[in-house]
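Input: a single structure, listed below in structure tokens.
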Amino acid sequence: EPEVTQTPSHQVTQMGQEVILRCVPISNHLYFYWYRQILGQKVEFLVSFYNNEISEKSEIFDDQFSVERPDGSNFTLKIRSTKLEDSAMYFCASSETMDRESPGELFFGEGSRLTVL
Amino acid sequence: QKEVEQDPGPLSVPEGAIVSLNCTYSNSAFQYFMWYRQYSRKGPELLMYTYSSGNKEDGRFTAQVDKSSKYISLFIRDSQPSDSATYLCAMNGDTGRRALTFGSGTRLQVQP
């Protein structure tokens, strides 16, 4: 069964360092997302990406964050200068469409746990 | 008031019990309602979605939406130990926004 894969599964970094989290969405999917979940808190939307550009972003997704689809398969989230409060599980997700029939059918990866020291 | 509220649990039931999970929300623009299941150290997995008010059934799972009360429910019949997980409600509006707003999740433990 097709799945969204994420690397690394866990990354530990020092505050102020740059981090890149990588995702391989399901191959025929067109919409890509990053969500995060701080330990013990709810899953929060960060950004959605379609047709090689950001289609929507949340207040969390400030100038320290960027996303890129560097090739036909990878989708990356970069955090330029990590802060302690960036420690969280970051989930990549993809969807084939976003129409009325299946508006929320997002397929999530298993997540990348980021620990900022 | 939080946009989506969900009792965090934990909820512990014996195998075979009927489980009722609920969320309330405040944003009347929400039109699409989903339930995700999340096993420990895994990503959320879509269980069911509904559009606007009404019921939807899929096997042992039934989703209900009452927009007048801003209240959604997920019922699990004949619960199994494999149903033990965290259940997240999620929703979004009908304005072209694709971002999902999640509840905090209810942890369910089904005892064999």
Side-chain angles (χ1 to χ4, degrees), chain A residues 1-6 9-10 21 23-26 29-51 54-61 88-113, chain B residues 1-10 21 23-27 29-52 54 56 58 63 65 72 74 85-107:
Chain A
E1 184 175 316
E3 59 181 16
V4 176
T5 57
Q6 291 186 241
S9 57
H10 187 197
L21 305 178
C23 169
V24 179
I26 295 173
H29 284 189
L30 301 175
Y31 295 87
F32 314 115
Y33 313 83
W34 285 100
Y35 284 78
R36 79 171 185 191
Q37 187 174 31
I38 295 171
L39 187 64
Q41 298 186 24
K42 59 178 63 177
V43 177
E44 300 174 292
F45 170 76
L46 293 178
V47 65
S48 61
F49 192 85
Y50 170 70
N51 200 25
I54 291 173
S55 53
E56 189 179 352
K57 60 183 181 179
S58 72
E59 294 170 353
I60 303 168
F61 194 87
M89 182 73 89
Y90 288 81
F91 291 108
C92 174
S94 68
S95 64
E96 188 175 4
T97 65
M98 197 63 189
D99 57 27
R100 281 181 178 272
E101 298 305 312
S102 59
E105 198 155 12
L106 271 60
F107 292 81
F108 284 82
E110 296 199 348
S112 292
R113 180 170 298 284
Chain B
Q1 183 184 13
K2 292 181 182 176
E3 208 166 14
V4 179
E5 302 221 34
Q6 186 174 7
D7 188 332
L21 304 166
C23 286
T24 59
Y25 64 94
S26 58
N27 188 345
F30 287 143
Q31 298 279 356
Y32 300 98
F33 305 92
M34 302 93 183
W35 286 95
Y36 283 81
R37 177 174 61 196
Q38 186 176 25
Y39 291 113
S40 180
R41 301 183 183 278
K42 300 286 189 181
E45 169 195 13
L46 180 67
L47 278 178
M48 299 190 70
Y49 69 89
T50 51
Y51 173 65
S52 196
K56 188 171 184 177
D58 184 2
V65 175
I72 69 170
L74 178 71
T86 297
Y87 289 79
L88 311 171
C89 62
M91 48 199 79
N92 66 1
D94 195 17
T95 59
R97 291 189 72 239
R98 293 175 171 79
L100 296 180
T101 300
F102 281 85
S104 55
T106 298
R107 193 154 55 91

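Only this structure's heavy atoms are used, side chains among them; waters, hydrogens and symmetry mates stay out. Numbered from 1 within each chain, the chains take letters A, B, ... in sequence-line order.
For A:Tyr35, the part sitting under 4.5 Å from any heavy atom of chain B is the side chain, from C-beta outward, and nothing else.
When A:Val4, A:Val43, A:Val47 are compared by the number of non-hydrogen pairs under 4.5 Å with chain B, A:Val43 comes out ahead.
Separation of atoms NZ (A:Lys42) and OG1 (B:Thr101) is listed at 8.0 Å; rounding is to 0.5 Å.
Within a 6.0 Å sphere centred on NZ of B:Lys56, heavy atoms belonging to other residues, nucleotides or ligands number more than 12.
Residues A:Gln37 and B:Gln38 have side chains in contact (heavy-atom distance under 4.5 Å, counting atoms from C-beta outward).
Under the 3.5 Å distance criterion, the side-chain polar atoms of A:Tyr33 are left unmatched by any main-chain donor or acceptor of B:Leu100.
Across every non-hydrogen atom of A:Phe91 and B:Gly43, the tightest pair is CE2-CA, 3.4 Å.
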